[in-house]
Amino acid sequence: MACNPRYDVLFEPVKIGPVTARNRFYQVPHCNGMGRGYPSSMAEMRRVKAEGGWAVVCTEEVEIHPSGDHSPWAGGRLWDDHDIPILARMCDGIHEFDSLAGIELNHAGRMSANRYSRQAPLAPSPIPVSAHDPVQARAMDKSDIRALRAWHRAAALRAKRAGFDLVYLYAGHHLSTISHFLSRRHNHRSDEYGGSLENRVRLFREVLEDTIDAVGDTCAVAVRFAVDELLGPKGITRDGEGRDVIEMLAELPDLWDVNISGWENDSATSRFKAEGFQNDYISFVKSVTTKPVVGVGRFTSPDTMVSLVRNGIVDFIGAARPSIADPFLPRKIEEGRPEEIRECIGCNVCVSGDQHFVPIRCTQNPTMGEEWRRGWHPDRIAPKVGDDSVLIVGAGPAGLEAARALGQRGYRVTIADAADRAGGRVARESRLPGLSEWGRVADHRLYTIGQMANVDLFLNSEMTAATIREFGADHAVLATGSVWVNDGRGRANPEGVAGLENAHILTPDDFMSGAEPEGPVVVFDDDHYYMGGLIAEQMRQAGHAVTLVTPANDVSSWTVDTLEQHAIQSRLMKLGVAIVTAHDLAGIGDGAATLTCVYSGQPREVACRTLIPVTMRLPRDQLAQDLRVMDTPPPFTVIGDAWAPGTIAAAVHAGHLFARDFGAPPGDGVPFRRELIELGQWPAT
Ligand code: ADP
Ligand code: SF4
């Protein structure tokens, strides 16, 4: 039970078919960029979640057959017995803490181009695969349907042998053959598997019954199902077939894990959706089934969680991102320290790791993905190894995280920042439209530091090389951040854009400091993340005529990997921002900017009185330069954006890395454990 009885209900055990979860905290399946590609890292990350108190810890999507091959995405794989040991390692780790291990079995059908296996993709009806590969899925005949059922059964039996307690069928994000059969848009069959909903549900029901028959004696059998695809009448809707499917199968599975699809809707960022954004869609489910229900919605507030259970909306608090940002969220509530929860900020940088086929990273939690390869734990850190004092200049994400982690180790730390408010770029950027939750990066660290007697923070304290030396700390850390350039330098124009010096220019820094534009505004976005689109949005909301120009083919193109690109471009278009893609900035004249098409070189002009170039940042490294030329400079290290401008996640990671390594002898070679591939036998036997 919890230290605070108000939260006791969250720690009640809940039965799921033949197994029992020790509390109501449920890590739903989530991708992590590690899967079968970095399996030791994946297994340790899941083990740490169980240690942190999640009663159910699930895999990501696990492929069951080469005809549903998601390569190069590194999800799970259970094609045959060779894949069992990786997943067994994960189960063993989860069982160390009496949590339940869940596996999400999936055949991805037309979502997989089968780039590795080179098999023909499968679908209920002929259709191109969803990736842009020039490949089509072929329509499954009855023998394919029988085969799919057999693959699911075999995978369920292997999952049981690996040690899983809970086996999922997946119809959560229109990413599975089961969901394609369910969908009127994708299923055009005229046999008993197509047409009426009863027929389209048939495969789902059969696989469910097969799975229960195969493993249901000892394993719970769960279903992940999207009750609404947010496609209106074209798709599954909460008040239509979403509800009908749950009514038809209500008591068959041992648990309903319900959400909305596609993935970009389910994992909506905080820029677009607030905590609990799925409640209205899923709240009916408990009235239709007696089986336990799990739902998600970026829940980080324990009081909200209690009300969800008490109001009968869910039985389990489902979480992917909140469990990534703080694997110890349940333990912190249980142990009476909920203020210490490192709340997810809803930025989806975690998703970008998966999209790039590398281990997951998290803006809030620098230890995510580092549990095995660097041995970083989200709640523990080695105590200090000496009595050195540290002065940190800059209270942005890098400086604050370095201070927090050094403070946790027991070092004497002083942070000085020139600004009147802590947080650095996070303090400024969280005032942009939709980014208020990003302020949690600073809030969490300021709260934690505030509890530490060995860490002092001084604002309005601009430091120079001389005052740093005078201060006399044993080591100085320069976390002084970066500044946006005003000359157009960046990817498209490494030497800058000629003539900008005579134009009316606002940099993103000027803009965030409250500078006002004149006349029509051109935002030139050669950065491709959120900043250009956000400035255009805010300018337009303020009533200016705004043109967003980018050399890319899409607005904010990198945000494809945070699942936001579509929403951003659509919002800007609806607001009336003029969008010019595939154009570079060539120059600026009287009242107009000259652009050139990146393909044809054809010039064109757009009205412009104020240009906002969002192209690149330079490290704010004057202090480092001044210290380097001193006769006897104090030892110092440059971290974060002051070292190399990047994401907030990278700055937090840099601060944490400094704190972990401080006092240790400098290493050489690869700074983390790698998962080395073993060569197969050759010649083949
Ligand atoms: P990062 O992302 O690397 O943490 P930020 O730009 O967010 O970097 O934060 C840098 C912080 O450093 C800002 O709050 C800024 O006010 C502060 N800063 C920069 N130069 C100095 C200086 N000379 N003395 C004190 N603070 C400084
Ligand atoms: Fe949340 Fe961002 Fe961390 Fe993902 S990366 S878990 S969205 S804070």
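Whatever order the structure lists ligands and atoms in, that order sets their numbers, starting from 1. Sequence positions, counted from 1, serve as the residue numbers for this chain. Side chains included, hydrogens not; waters and symmetry mates left out as well; all remaining heavy atoms used.
With W484 as the partner, the side chain to side chain contact (heavy atoms under 4.5 Å, CB included) test is satisfied by one option alone out of L618, D510, D527: D527.
Ligand 1 is approached by S461 to a heavy-atom distance shorter than 4.0 Å.
Remark: minimum distance from atom 3 (Fe) of ligand 2 to any protein heavy atom is reached at C362 SG, 2.3 Å. Here the heavy atom of the protein found nearest to atom 20 (N) of ligand 1 is T480 CG2, 3.4 Å. Ranking protein heavy atoms by distance to atom 6 (S) of ligand 2, first place goes to R321 O, 3.3 Å. From the protein, the heavy atom lying nearest to atom 1 (Fe) of ligand 2 is C344 SG, 2.4 Å. From the protein, the heavy atom lying nearest to atom 4 (O) of ligand 1 is A398 N, 2.8 Å. Looking at atom 5 (S) of ligand 2, its nearest protein heavy atom turns out to be C350 N, 3.2 Å. When only non-hydrogen protein atoms are considered, atom 9 (O) of ligand 1 lies nearest to G396 CA, 3.5 Å. Scanning all protein heavy atoms for the shortest distance to atom 2 (Fe) of ligand 2 gives C347 SG, 2.4 Å. In this structure, the protein non-hydrogen atom closest to atom 26 (N) of ligand 1 is A418 N, 3.0 Å.
Considering backbone and side-chain atoms alike, D641 places an N or O below 3.5 Å from some N or O of ligand 1. Between L623 and ligand 1, no N or O atom pair is found at a separation short of 3.5 Å. Here's the thing with D417: one of its N/O atoms is less than 3.5 angstrom from an N/O atom of ligand 1. Considering backbone and side-chain N/O of G640, none are found under 3.5 Å from N/O of ligand 1. The N/O atoms of A642, backbone and side chain alike, include none that comes under 3.5 Å of an N/O atom in ligand 1. Any N or O atom pair closer than 3.5 Å counts here, and P397 shares at least one such pair with ligand 1.
Annotation for ligand 1: atoms under 4.0 Å from non-hydrogen atoms of G394 are 11 (C), 12 (O), 17 (C). Within the listing of ligand 1, atoms 5 (P), 6 (O), 8 (O), 10 (C) sit less than 4.0 angstrom from a heavy atom of G481. Atoms of ligand 1 found under 4.0 Å from any heavy atom of G424, numbered from 1 in the order shown, are 7 (O), 9 (O), 13 (C), 14 (O). Atoms of ligand 1 lying under 4.0 Å from at least one heavy atom of V393, given by number and element, are 22 (C), 24 (N), 25 (C), 26 (N).
Taking the six-membered ring where the residue is Trp, H475 and F658 present tilted rings, their angle falling between 30° and 60°.
Salt-bridge annotation for E370 and R660: absent, with no side-chain N of the basic residue lying under 4.0 Å from a carboxylate O of the acidic one.
For atom 8 (S) of ligand 2, the nearest non-hydrogen atom from the set I324, I345, T300, T647 belongs to I345. Around atom 23 (N) of ligand 1, the closest heavy atom drawn from R425, M463, E401, R421 belongs to M463.
In summary, the aromatic rings of W643 and H653 are positioned with their centroids too far apart to meet the 6.0 Å limit.
No more than 12 heavy-atom neighbours from other residues, nucleotides or ligands sit within 6.0 angstrom of NE2 on H566.
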